[in-house]
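Residue numbers start at 1 and run along the sequence shown.
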Amino acid sequence: MKLKNIILSGLFVSVLISCEGVTDISPKDSLTDASYWSKVEDLKLYANNLYTNLSAPGVDKDNVSDNCITTNYSSYLFNETTIPSTASEAGWTWGNIRNCNFFLTRYQKVQAAPSEVNPYVAEVRFFRALDYFGKIKQFGDVPWYDKDLQTADTDELYKPRDTRDFVLGKIIEDLEFAIQWLPDADKAEKGRLNKDAARTQLARVCLHEGTYKKYHALTGTPSANELIKKAADNALAVMQTGKYEIVKGPDAGSSQLPFEGYPLYYSNQFVQEDLTSNKECILPRIYKEGLLYHQTGRQAGSSGTGLSKDFIESFLCKDGNPIAVSPLYQGDNTLDKEITNRDPRLYQVVDNLHKPYLVMNGVRQTNPYANVDGSGAVTGYPCVKFKSPLQSQWEANKTTYDWFVYRYAEVLLIYAEAKAELNECTQQVLDQTINLLRDRVGMPHLTTSPVADPQAVDYGYTITPLLYEIRRERRIELITEGFRLDDIKRWKAGKLFENPKTFLGIVVTNEVIANYPAGVFGGASGRPVIEYQGKSYLRPYPGKSLSDAGRKWTATDKRYLSPLPTDEITLNPNLKQNPGW
């Protein structure tokens, strides 16, 4: 992908969109709507402008969830959110939809064969589907628009919301068109959309909406099972291409130097300079020194966000059993004991003495203890999944490793979960999916009859031990990739937040205190500590009770959907507020 061209063309096309409708006089020496749509290259340049809507690097993607705890508490998770007044505050914005529809009502002006034109139509329809998927997840029912509205289109501008099912149907149509017309992955430009990226997105949409319908007991067409089956079918289609694998991330591409006995096959994958030939990558977001940067390398492990105690306890032991039953579990008196004999992904995502934090001149360095204040990780569990040990990657806006937009691991997790929801999860399915993820890190295989966890997290309802383990695997494998809150919502599992360990940190023992400078814990100026179930825990939010009413979720909790902005409801009386707000 010609990254510089994409950036410049984005600015170029933005001018076209913003100027449309201002005048009907065509200048002789500048770009106008009337003169633009003349060749296939125009379509490509326009589509380039939409690529900024793909997933981008960040360390905050699970910040509002039970996986992570931030420096300042989430008003959403404590049920203190107020209804926004403006569209921008609420996320009720339509600029990207209009940009897509602007293209889709004009591209036919280009005189060329469908085989030349439709791949770019497919890209734009993909991005429209992507935006609308975010809207139905957030708001439920939303108005569907398939043209760029003008001020005279009052019927459309002031219409009520279309049903979630109706919009979902349109999303599926857009993505199926994208699958039909996008190039195969091995024929697409590097970093540009391909059929398998569209299949993955469709599988993601259908799993989300199918399980949302199932656990929220919603009716309508398509049914929950039909959607879940469609998710499985599209995931399987990606699997059957034979193009993708679960990769043991190499040390060379990540510049990490692992300690003996502590390979970094998992975490290496997330600090690779080049993912374009990585067989786990379905679609990368590409960064280049001297041209495109991000700053994930600077922020990871030092943004104040820490992993929760609840998340840390979700990791199995090396024998494949939960910590509640495994004789290998060493307890949590120190971080080193806590990661001993556990799923190796644990020591690869938490800063500890067995993972290099910095490599200088070939020498590995580790932190003697985790920073537990607002500049480090308020829980004592800094997440270093996206931390490169190269100091050059730590500088502000100087990180250059690529980002997974779509990763094959997610496809396998979708397929396994969908088959379990359909009661079709055989040992063969597990060996095709979950067990490939476990093979990467040397964990025992999951079977169709796993040990039931006696300290299972409470979803608010009962699920089979097999589905429980598939959900556990998803939580761990996709940590901080931005899936967790959506998963909790679609599973109708807000009850998970009632567990105090979702907003507690490390156990503060005498051994832990001895590893830190004097005065770090307790006292007037130290980090606050609280007693819970006979242990002392780091307490990120001292002003909040462990039984805070805001952490409790009802069966009809309003937070499963976001509120519409009051200004928009005032402007359009046909818009009705979501329940409970």
Side-chain angles (χ1 to χ4, degrees), residues 244-275 277-281 296-297 300-301 307 311-312 314-321 323 326 328-330 334-368 370 381-391 393 401-404 407-410 412-413 431 433-446 472-481:
Y244 307 102
E245 299 175 5
I246 296 302
V247 176
K248 287 187 175 181
D251 298 327
S254 68
S255 301
Q256 296 198 79
L257 298 175
F259 289 93
E260 185 177 355
Y262 289 88
L264 302 172
Y265 297 140
Y266 172 77
S267 62
N268 274 346
Q269 279 290 78
F270 304 100
V271 287
Q272 294 290 322
E273 287 289 332
D274 182 6
L275 290 177
S277 59
N278 188 299
K279 287 197 170 184
E280 193 170 342
C281 187
T296 307
L307 299 168
F311 174 69
I312 297 299
S314 69
F315 285 79
L316 299 171
C317 288
K318 278 190 173 181
D319 58 6
N321 290 318
I323 61 174
S326 175
L328 297 180
Y329 182 53
Q330 300 295 302
T334 65
L335 177 59
D336 201 51
K337 288 180 180 178
E338 194 163 19
I339 67 175
T340 298
N341 297 331
R342 303 286 291 282
D343 181 331
R345 284 170 290 192
L346 178 54
Y347 72 74
Q348 294 180 65
V349 301
V350 177
D351 186 28
N352 66 90
L353 296 175
H354 305 287
K355 185 178 188 295
Y357 193 78
L358 177 64
V359 175
M360 293 185 67
N361 301 319
V363 178
R364 297 170 298 195
Q365 298 180 28
T366 60
N367 288 325
Y381 296 116
C383 182
V384 291
K385 176 173 174 175
F386 302 122
K387 170 69 75 177
S388 168
L390 287 181
Q391 192 170 21
Q393 299 285 346
Y401 46 80
D402 288 351
W403 180 259
F404 286 100
R407 186 160 73 93
Y408 188 50
E410 183 199 352
L412 301 185
L413 289 163
D431 291 342
T433 57
I434 302 298
N435 291 332
L436 295 180
L437 301 176
R438 292 191 172 191
D439 285 344
R440 167 161 51 197
V441 294
M443 282 291 287
H445 280 193
L446 178 62
R472 185 203 300 268
E473 195 76 22
R474 181 179 175 89
R475 183 184 190 185
I476 289 169
E477 178 67 28
L478 300 180
I479 178 64
T480 61
E481 293 181 44

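Without hydrogens or angle criteria, K387 side chain to A300 main chain gives a donor-acceptor distance under 3.5 Å. A distance-only check finds no donor-acceptor pair linking the side chain of R475 to the backbone of S314 [under 3.5 Å]. At distances below 3.5 Å, at least one donor-acceptor pair connects side-chain atoms of Y401 with backbone N or O atoms of G297. With hydrogens and angles ignored, the 3.5 Å screen pairs no side-chain donor or acceptor of S255 with any backbone N or O of D251. The backbone N or O of K248 lies less than 3.5 Å from no partner atom in the side chain of R440, so there is not a single donor-acceptor pair. When atom types are taken as modelled, the side chain of R342 and the backbone of I312 share a donor-acceptor pair closer than 3.5 angstrom. With hydrogens and angles ignored, the 3.5 Å screen pairs no side-chain donor or acceptor of K318 with any backbone N or O of L328. In this structure a side-chain-to-backbone donor-acceptor pair under 3.5 Å is missing from N321 to S326. A side-chain donor-acceptor contact under 3.5 Å links N352 to the backbone of V350. Counting only distance, with no hydrogens or angles, the side chain of D351 and the backbone of Y357 share no donor-acceptor pair below 3.5 Å.
E280 and Q272 form no side-chain donor-acceptor contact under 3.5 Å, judged by distance and modelled atom types alone. Remark: the Q256 side chain and the N268 side chain contain an N/O donor-acceptor pair separated by less than 3.5 Å.
Tested against P356 for a side-chain contact (heavy atoms from CB on, under 4.5 Å), the candidates V359, L353, L358 yield a single pass: V359.
Put simply, NZ on K355 and CD on Q348 are 7.5 Å apart, with the number rounded to the nearest 0.5 Å. Within the model, atoms CD1 of I246 and OG1 of T433 stand 10.0 Å from one another, a figure rounded to the nearest 0.5 Å. For the atom pair OG1 of T340 and NE2 of H354, the computed distance is 6.0 Å after rounding to the nearest 0.5 Å. Atoms OG and OH, on S267 and Y262 in that order, are 14.0 Å from each other to the nearest 0.5 Å. Rounding to the nearest 0.5 angstrom, the gap separating the CG atom in D319 from the CG atom in N341 is 8.5 Å. The CG atom of L436 lies 8.0 Å from the CG atom of D431; values are rounded to the nearest 0.5 Å.
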### Message
Does E338 form a side-chain contact (heavy atoms from CB on, under 4.5 Å) with Q330? I'd like the steps, not just the answer.
### Response
CA-CA 6 Å; E338 194 163 19; Q330 300 295 302; over 6 Å; no

### Task
Using the ring pair (Phe, Tyr, Trp, His ring centres under 6.0 Å) rule, take W403 and F270 through it: C-alpha gap first, then chi angles, then the decisive distance, then the call.
CA-CA 7 Å; W403 180 259; F270 304 100; 8.1 Å; no

### Task
Report the C-alpha separation of I476 and L316 in whole Å, then their side-chain angles, then the decisive distance to 0.1 Å, and conclude whether the side-chain contact (heavy atoms from CB on, under 4.5 Å) test is met.
CA-CA 10 Å; I476 289 169; L316 299 171; 5.8 Å; no

### Task
With side-chain contact (heavy atoms from CB on, under 4.5 Å) as the test, would you mind laying out the steps for I339 and F315 before giving the verdict?
CA-CA 9 Å; I339 67 175; F315 285 79; over 6 Å; no

### Query
Can Y266 and V349 be said to form a side-chain contact (heavy atoms from CB on, under 4.5 Å), step by step?
CA-CA 9 Å; Y266 172 77; V349 301; 3.8 Å; yes

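Put simply, the side chain of H445 does not reach to within 4.5 Å of the side chain of I434, judged on heavy atoms. At least one side-chain heavy atom of R438 sits under 4.5 Å from a side-chain heavy atom of N435. The shortest distance between side-chain heavy atoms of C317 and D343 does not fall below 4.5 Å.
Figure legend: K279 and Y244 shown without cation-pi pairing, the cationic atom not lying both under 6.0 angstrom from the six-membered ring centre and within 45 degrees of its axis. A cation-pi contact, defined as under 6.0 Å to the ring centre and within 45° of the axis, links R364 to F259.
For P258 against P263, the heavy-atom pair with the smallest separation is CB-CA, 4.3 Å. Considering every non-hydrogen atom in both C383 and T480, the closest pair reads SG-CG2, 3.9 Å. Scanning both residues, Q269 and P250, for their nearest heavy atoms gives OE1-CD, 4.4 Å. Between S388 and V271, the shortest heavy-atom distance links the atoms N-CG1, 3.8 Å. In terms of heavy atoms, D402 sits closest to L275 at OD2-N, 3.0 Å.
Here E473 pairs with R345 in a salt bridge; the nearest charged N to carboxylate O distance falls below 4.0 Å. The pair R474-E481 fails the salt-bridge criterion, with no side-chain N (NZ, NE, NH1 or NH2) lying under 4.0 Å from an Asp/Glu carboxylate O. Contact check on R407 versus E477 returns a salt bridge, with a Lys/Arg side-chain nitrogen under 4.0 Å from an Asp/Glu carboxylate oxygen.
Around the OH atom of Y329, the shell of radius 6.0 Å holds more than 12 heavy atoms that belong to other residues, nucleotides or ligands.
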